[in-house]
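Here is the structure we will look at, set down as structure tokens.
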Amino acid sequence: GGSGGPPSMGIAFLSQQQLRSFNFPYQLGYSGADGQEEEEEGLFETPMDANVTGYAVRPGDVAIVATDGLFDNVELDEMCHIAVEWETKWFGGA
């Protein structure tokens with residue numbers, strides 16, 4: 001925050017969730033050798049299935065790259081608060 005107030009952070013970009021359906025995220029993996037059984041096909045997504053995006057960053061930006069385990073359990077405002085605390089502790093402010 002400017003003008004001598006406490007430091008703050010905000011969300012500049014948030015990628016879309018990558019789900020097969022509600023509460024069923026993509027699962028990146030490998031199911032075995034070339035001779036896999038038919039029922040095993042389709043269990044995993046490949047890197048080609050991922051949504052890929054780019055975003056310009058500047059010095060001082062903080063990127064949080066995480067799985068649904070974080071995003072399902074920690075509110076975005078709380079993540080920003082934790083990032084500010086981390087920046088303050090290690091770099092003297094945001």
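For the atom pair Gln16 CD and Gln18 CD, the distance stands at 6.5 Å (nearest 0.5 Å). Taking CG from Leu70 and CD1 from Ile82, the interatomic distance works out to 8.0 Å, rounded to the nearest 0.5 Å. Going from atom CZ of Phe22 over to atom CD of Gln17 covers 9.0 Å, rounded to the nearest 0.5 Å. Considering CZ of Phe13 and OG1 of Thr53, their distance stands at 4.0 Å, rounded to 0.5 Å. Distance check: Glu87 CD to Met9 CE gives 4.0 Å after rounding to the nearest 0.5 Å.
Annotation: side-chain hydrogen bond (donor to acceptor under 3.5 Å, both in side chains) contacts involving residues 55-80, sequence neighbours excluded, are absent.
Under a hydrophobic clustering in which Ile, Leu, Val, Met, Phe, Trp and Tyr are joined whenever their side-chain heavy atoms come within less than 4.5 Å, directly or via other members, Leu14 and Val84 fall into the same cluster. Tracing side-chain contacts under 4.5 Å through hydrophobic residues (I, L, V, M, F, W, Y), one never reaches Val62 starting from Val57; they form parts of separate clusters. Connection of Tyr26 to Phe71 is not established within any shared hydrophobic cluster, with ILVMFWY side chains joined at heavy-atom distances below 4.5 Å, either directly or through further cluster members.
Nearest heavy-atom pair across Cys80 and Ile11 is SG-CD1, 3.7 Å.
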